[in-house]
Asker: 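This structure is in structure tokens; I'll ask about it shortly.
Just so it is clear: chains get the letters A, B, ... in the order the sequence lines come, proteins before strands, and each one is counted from 1.
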Amino acid sequence: MQKYDHKKIEKKWQEQWAADELYKTAEGSGKPKAYILDMFPYPSGEGLHVGHPKGYIATDVYSRFKKMNGYEVLHPMGWDAFGLPAENFAIKHKVHPRVAVERNIENFKKQLAHLGFNYDWSREINTTDPSYYKWTQWVFLQLFKKGLAYESHEPINWCPSCQTGLANEDLESDGTCERCGSTVEKKPMRQWVLKITDYADRMLQDLDTLTQWPSHIKEAQRNWIGRSEGAEIDFNLTFTTHPEHNGWRNPEDGRPAHIRVFTTRPDTLFGATYLVLAPEHPWVRAVWDTEHNNTVENKDEVAAYVVAAQKKTEIERTTQDKEKTGVELMGIKAVNPATQEEIPVFVADYVLAHYGTGAIMAVPAHDERDYAFAQKYNLPIVPVISPITGVPQENPEYRKSIVAIVHDPKTDTYLTVRWKDRNQTLFVGGGMEDGEDPQTTAAREICEETRCTNVRYVSQTMPIRHNYFAHSKGVAREIDAIGFLFELEDDEETPQTLEENEKEQFDIEWHPATEVASLIKDELHALVWQLLVKKEPYTGTGLLINSDVYTGMQSVDAKVAITNDVGGMRTTTYKLKDWVFSRQRYWGEPIPIIHCEKCGAVPVPEEDLPVTLPEVDHYEPTGTGESPLADIESWVNVTCPSCGGAGKRETNTMPQWAGSSWYYLRFVDPHNTNALIDVRKEKDWMPVDVYVGGDHAVRHLIYARFWHKFLYDIGVVSTIEPFTRLEFLGFILAEDGRKMSKRWGNIINPDDVVLQHGADTLRVYEMFMGPFENTVAWSTNGLVGAQRFIERTWRLQSHLTETTHDAVTRELHRTIRKVSEDIEAFKFNTSIAQMMTFVNVATEHGLTEADYRTFLQLLAPFAPHMTEELWRVHFGNKDSIHASAWPTYNEELLTEETVVLAVQINGKVRGEVTVSVGATQDDVVGLITSDERFARWIPNTPQRIIFVPNKLINMVISDNVDK
RNA sequence: GCCGAGGUGGCGGAAUUGGUAGACGCGCACGACUCAAAAUCGUGUUCCUUCGGGGGUGGGGGUUCGAUUCCCCCCCUCGGCACCA
């Protein structure tokens with residue numbers, strides 16, 4: 001037997017498979033289809049490190065498995081090669097981006113080829129190929145025609161280093177550019193924008209249909225879309241120092257001057273004691289450039305604040321969450337439409353311009369930020385919601401009661417009462433007696449429970465409705481409670497004494513604030529603590545108070561009623577913004593629009609697509625906000641397709657995400673020149689059955705789902721979602737536990753690993769490292785373990801026997817079952833563990849040729865080269881092992897005749913007995929009682945015996961052991 | 001802060017309709033082969049132990065004959081979002 005020589009064997013089969021077109025996907029084969037897709041790579045100049053192929057190995061294993069199970073498999077690969085990184089790389093290395101991309105792709109393909117992947121390369125696509133981006137442009141035209149692509153002049157994110165506009169999604173959470181880390185500015189500029197918000201609701205709702213997606217990805221999408229329901233309510237304005245403006249009506253709509261706010265809590269309208277506008281709010285700008293320009297007395301102060309706010313970067317404005325700042329617009333008041341009271345109007349940068357209407361009604365009693373602001377500027381805080389806690393019960397007994405917190409300023413501790421029977425710690429509490437006022441009740445209860453007599457009232461809460469079940473009395477209770485805070489007077493000693501009979505019931509204890517929070521579990525008492533001691537506003541829902549005719553209503557009903565009654569509008573807002581779709585760079589798909597003075601923005605006729613990128617001398621960004629394409633007059637100047645007059649081409653290009661938003665469709669029909677995808681083929685192959693990737697999963701999936709739903713609406717595709725099942729890929733860290741990076745010098749190149757250890761070893765190792773979705777550090781030792789497994793399997797040739805051994809047969813059938821189930825579930829690590837177990841058993845007992853062949857088939861998806869060599873050369877099969885039919889297992893062969901049964905005495909394992917399958921309790925008891933090993937553990941007759949057939953027996957000698 | 005996922009030997013990890021915790025691999029130790037080394041093969045490897053046993057799946061409590069698995073509370077790690085009204 002020769003030693004396994006991976007260098008020779010792997011190369012040989014890779015060439016053979018290519019020559020045989022083993023992996024070409026057939027159309028109309030009549031087999032069930034399986035579309036298995038990797039998130040296609042961006043071919044960087046760095047090449048691959050060992051982390052990159054992990055996902056590709058998984059899809060390769062899965063594809064081979066499905067093929068052997070009789071599926072027609074579509075498993076393609078392509079290149080996402082437009083975009084800033086490719087362009088920056090090209091500029092840095094002084095080559096044309098196209099040349100750089102071609103070179104990088106060649107390198108990537110070579111690296112991938114070494115790993116023996118089964119891609120159908122006849123379907124290779126490249127987003128920078130004009131025959132591909134023709135259809136990216138085509139989709140844009142359809143969006144334009146449906147009004148979903150529009151021009152906007154809103155200020156956008158501008159990266160001064162990349163010299164281009166960016167979508168919100170291109171920013172890090174601290175507001176810096178995700179590519180280069182520069183601080184991003186706001187710059188007003190003409191932009192193309194896609195109306196993704198039109199699809200926000202559907203993208204959100206249809207997440208529920210994606211049952212085979214990991215929940216964390218779905219959750220991330222929900223966060224990103226950020227839907228919230230609320231209402232828009234108008235507050236009319238009055239001008240206190242210039243009352244002559246009060247009758248003013250907007251000539252456009254005839255409405256009086258007003259500010260429209262967005263709120264999710266219209267039920268708190270009676271508690272809205274001031275308004276806040278974002279510094280960028282149009283009304284703030286109106287302060288100095290409209291007919292109201294003399295209505296604000298402190299115009300200069302306001303202007304200074306707004307300018308200062310605009311100078312602050314996104315980072316400064318968002319990290320500065322301690323201290324809120326703002327300026328009141330003096331001379332203007334807003335009228336609360338519920339109370340008709342005049343309330344002040346502020347400008348403050350804690351309100352964001354791009355969310356809702358850019359203006360809020362502040363309800364300091366029930367919002368943390370408004371509360372902080374109101375405290376600082378001494379604004380009125382009016383509670384309008386009375387909290388409801390607990391779960392309402394059937395037929396409750398109604399009571400009024402109090403909760404009293406007593407603070408001892410001398411020791412800075414708080415009084416708690418620990419009830420012994422319930423093992424529960426509370427503050428002082430108790431029911432009100434007839435005719436008693438709450439404060440008297442509180443003082444009385446404090447006195448009764450603690451002997452403190454000299455307490456001073458500090459503050460109290462609004463009423464709190466509390467529902468609970470009083471277990472001690474066996475009744476459901478609904479109580480209205482008021483919380484109080486009292487302080488011990490200076491001269492009083494901290495009292496401790498209790499009567500003897502009381503000591504049996506409860507202890508009184510004094511704890512510092514830090515401990516109290518973790519001791520008080522009761523919802524009502526914890527809420528009183530939050531309101532009175534931590535002085536936090538109540539932000540939950542409840543019953544309305546101080547709200548005129550709505551008092552007593554539930555929040556949920558009041559939201560509707562109040563919104564309607566003040567002429568508000570129920571609306572939904574999203575955190576997701578429309579997608580800024582143009583980039584002022586060279587290396588992207590030209591946006592197929594022609595600007596004409598007469599006709600405006602005119603779409604390029606479909607028959608003129610693609611609008612190809614012209615050759616240019618300088619593709620560096622101009623820095624003026626114009627794309628480098630703007631300089632090429634011969635390209636820019638065209639005839640208007642609509643009127644025949646002079647027109648100019650749109651010179652902005654599309655963002656990198658464009659091409660990847662639909663590529664999975666093109667793989668199905670990559671060479672179609674008449675359509676993006678053939679209707680019949682689309683029905684045959686879509687949706688993608690398994691989609692594998694990690695990293696930018698959230699953004700890419702948002703964009704791709706948006707385009708897919710649009711294409712569904714215009715009849716190009718037949719499914720509402722593109723990807724049925726999503727498998728998230730965990731990354732591979734370097735051996736030192738850090739990210740693999742040039743910077744740390746810890747990159748491991750797969751070429752080196754393949755050369756030294758072989759592709760099969762690398763494949764098996766990466767699948768064995770841990771659960772597929774886990775991030776795990778590379779281990780060279782672990783890699784060697786995989787190599788040993790490959791070589792042990794190879795050496796099984798010298799363990800062949802004529803007859804089969806029962807243990808080997810059983811293990812083989814177990815392995816067939818386990819490997820089949822685990823590959824389907826992407827649990828590659830445990831399927832390899834089971835195959836290792838089989839090799840161990842087979843090495844010990846020897847195995848027949850037939851069993852060996854079957855085992856090789858199981859291993860073939862993971863180690864395609866070594867298994868093919870044995871299959872064809874050693875066993876002389878004419879056809880590839882990868883075209884063979886997947887083995888099936890025989891249920892009967894899985895079971896053994898005897899089982900090892902655990903013997904427990906009082907729940908502790910004391911040994912085991914071997915019995916035949918199906919042995920009865922009597923059989924086993926007989927066996928144990930006659931076995932001296934167990935005699936010492938069984939001094940007398942067991943009180944109870946628990947018997948689980950074929951698993952264990954538990955003899956309970958005494959129930960009281962260890963208790 | 002909110003949402004999601006997770007926490008098991010020296011390491012990666014396995015096991016959940018509640019039923020012998022630590023499969024498989026790595027590492028380590030010892031042995032065989034060898035002049036020697038590598039490779040390979042074999043044995044052992046959760047911790048403590050007075051060798052009888054005892055403890056042990058992030059911590060604390062509960063249910064149970066029996067809990068990694070179910071319930072309650074808390075802590076920590078990772079990921080996403082974050083002044084979103």
Asker: Please work out whether G12(B) sits syn or anti, treating a glycosidic angle within 90° of 0 as syn.
Answerer: anti
Asker: Just checking V903(A): base, sugar-phosphate only, or nothing, at a heavy-atom cut-off of under 4.0 Å?
Answerer: nothing
Asker: Given the P atoms of G56(B) and G10(B), what is the spacing between them in whole Å?
Answerer: 16 Å
Asker: What form does the base of G52(B) take, syn (within 90° of 0) or anti?
Answerer: syn
Asker: Within the 4.0 Å heavy-atom criterion, would you say R792(A) contacts the bases, only the backbone, or no part of the nucleic acid?
Answerer: sugar-phosphate
Asker: If you round to the nearest 0.5 Å, how far is CD1 of I945(A) from CD of Q921(A)?
Answerer: 5.0 Å
Asker: Do N954(A) and R944(A) have side-chain atoms, one donor and one acceptor, less than 3.5 Å apart?
Answerer: no
Asker: Let me know, please, whether R227(A) or Q834(A) comes out on the 5' side of the other along RNA chain B by nearest nucleotide.
Answerer: Q834(A)
Asker: Answer yes or no: does a side-chain N or O of R795(A) lie under 4.0 Å from OP1 or OP2 of C41(B)?
Answerer: yes
Asker: Checking Y371(A) against T539(A): is there a side-chain donor and acceptor pair closer than 3.5 Å?
Answerer: no
Asker: If you check the P771(A) side chain, which of U20(B), A14(B), C83(B) turns out closest?
Answerer: A14(B)
Asker: Which is true for K951(A) with a 4.0 Å heavy-atom rule: it touches a base, it touches only sugar-phosphate, or it touches nothing?
Answerer: sugar-phosphate
Asker: Can you tell me the distance, in whole Å, between the CG atom of D367(A) and the C1' atom of A85(B)?
Answerer: 6 Å
Asker: With a 4.0 Å limit, can you tell me whether N829(A) has a side-chain N or O closer than that to the phosphate oxygens OP1/OP2 of G13(B)?
Answerer: no
Asker: Nearest whole Å is fine: how far is A38(B) C1' from Q787(A) CD?
Answerer: 14 Å
Asker: Whether N774(A) contacts G13(B) is assessed here as follows: a side-chain N or O lying under 4.0 Å from the phosphate OP1 or OP2. Is that the case?
Answerer: yes
Asker: Would you mind pulling out the nucleotide paired to G6(B), Watson-Crick or G-U wobble, both distances under 3.5 Å?
Answerer: C76(B)
Asker: With ring centroids as reference points, do F789(A) and F768(A) lie under 6.0 angstrom apart?
Answerer: no
Asker: Between A39(B) and A32(B), how many Å separate the two C1' atoms, rounded to a whole number?
Answerer: 14 Å
Asker: So which of R814(A), E811(A), K818(A) actually passes side chain to side chain donor-acceptor pair (under 3.5 Å) with Q834(A)?
Answerer: E811(A)
Asker: Over all strands shown, is V776(A) touching base, sugar-phosphate only, or nothing at heavy-atom distances under 4.0 angstrom?
Answerer: sugar-phosphate
Asker: In whole angstrom, give me the gap between the C1' atoms of A14(B) and A85(B).
Answerer: 48 Å
Asker: Using both distances under 3.5 Å as the test, list the Watson-Crick or G-U wobble partner of A67(B), or none.
Answerer: none
Asker: Specify the separation, in whole Å, of atom CZ of F947(A) and atom P of G19(B).
Answerer: 16 Å
Asker: Provide, to the nearest angstrom, the distance between the CG atom belonging to L733(A) and the P atom belonging to G13(B).
Answerer: 11 Å
Asker: Counting distance alone, no hydrogens or angles: does the base of C81(B) have a donor or acceptor under 3.5 Å from a partner atom on the side chain of K575(A)?
Answerer: no
Asker: Rounding to an integer number of angstrom, what distance separates U16(B) and A67(B) when you compare their C1' atoms?
Answerer: 10 Å
Asker: Sort out the partner of A32(B) for me: Watson-Crick or G-U wobble, both distances under 3.5 Å, none otherwise.
Answerer: U40(B)
Asker: State the pairing partner of U50(B); accept Watson-Crick or G-U wobble contacts with both distances under 3.5 Å, and report none otherwise.
Answerer: none
Asker: What is the pairing partner of G22(B), taking Watson-Crick or G-U wobble pairs with both distances under 3.5 Å in any strand?
Answerer: none
Asker: To the nearest Å, how far apart are F772(A) CZ and G13(B) P?
Answerer: 15 Å
Asker: Now, which nucleotide makes the Watson-Crick or G-U wobble pair with G1(B), with each of the two distances under 3.5 Å?
Answerer: C81(B)
Asker: Work out how far the P atom of C72(B) is from that of G25(B), and round it to whole angstrom.
Answerer: 39 Å
Asker: When the P atoms of A23(B) and A5(B) are compared, how many Å lie between them, rounded to an integer?
Answerer: 29 Å
Asker: Just compare G12(B), A85(B), U20(B) and give me whichever is closest to any side-chain atom of Q904(A).
Answerer: U20(B)
Asker: Would the H757(A) and Y765(A) ring centres measure less than 6.0 Å apart?
Answerer: no
Asker: Using heavy atoms to find the nearest nucleotide of RNA chain B for G356(A) and L901(A) separately, return the residue whose nucleotide is more 5′.
Answerer: L901(A)
Asker: OP1 or OP2 of C11(B) sitting under 4.0 Å from any side-chain N/O of S779(A)?
Answerer: no
Asker: Both distances below 3.5 Å, Watson-Crick or wobble geometry, any strand: find the nucleotide opposite A15(B).
Answerer: none
Asker: Donor-acceptor pair, Y703(A) side chain versus W579(A) backbone, under 3.5 Å?
Answerer: no
Asker: Taking the P atom in each of G44(B) and A38(B), what is the distance between them to the nearest angstrom?
Answerer: 22 Å
Asker: Could you work out the separation of A36(B) and C47(B) based on their C1' atoms and round it to a whole Å?
Answerer: 38 Å
Asker: G54(B), OP1 or OP2 - any side-chain N/O from R910(A) closer than 4.0 Å?
Answerer: yes
Asker: Atom CZ of F768(A) and atom C1' of G25(B): how far apart are they, to the nearest Å?
Answerer: 4 Å
Asker: Donor-acceptor pair under 3.5 Å: do we get one between N954(A)'s side chain and the base of C65(B)?
Answerer: yes
Asker: Has K324(A) got its NZ or CZ under 6.0 Å from the middle of the six-membered ring of F373(A), at an angle within 45 degrees of the ring axis?
Answerer: no
Asker: Check the distance between A39(B)'s P and I790(A)'s CD1 and give it to me in whole angstrom.
Answerer: 18 Å
Asker: Between G27(B) and R788(A), is there an OP1 or OP2 to side-chain N/O distance shorter than 4.0 Å?
Answerer: yes
Asker: Please give, in whole Å, the distance from C2(B) P to E219(A) CD?
Answerer: 14 Å
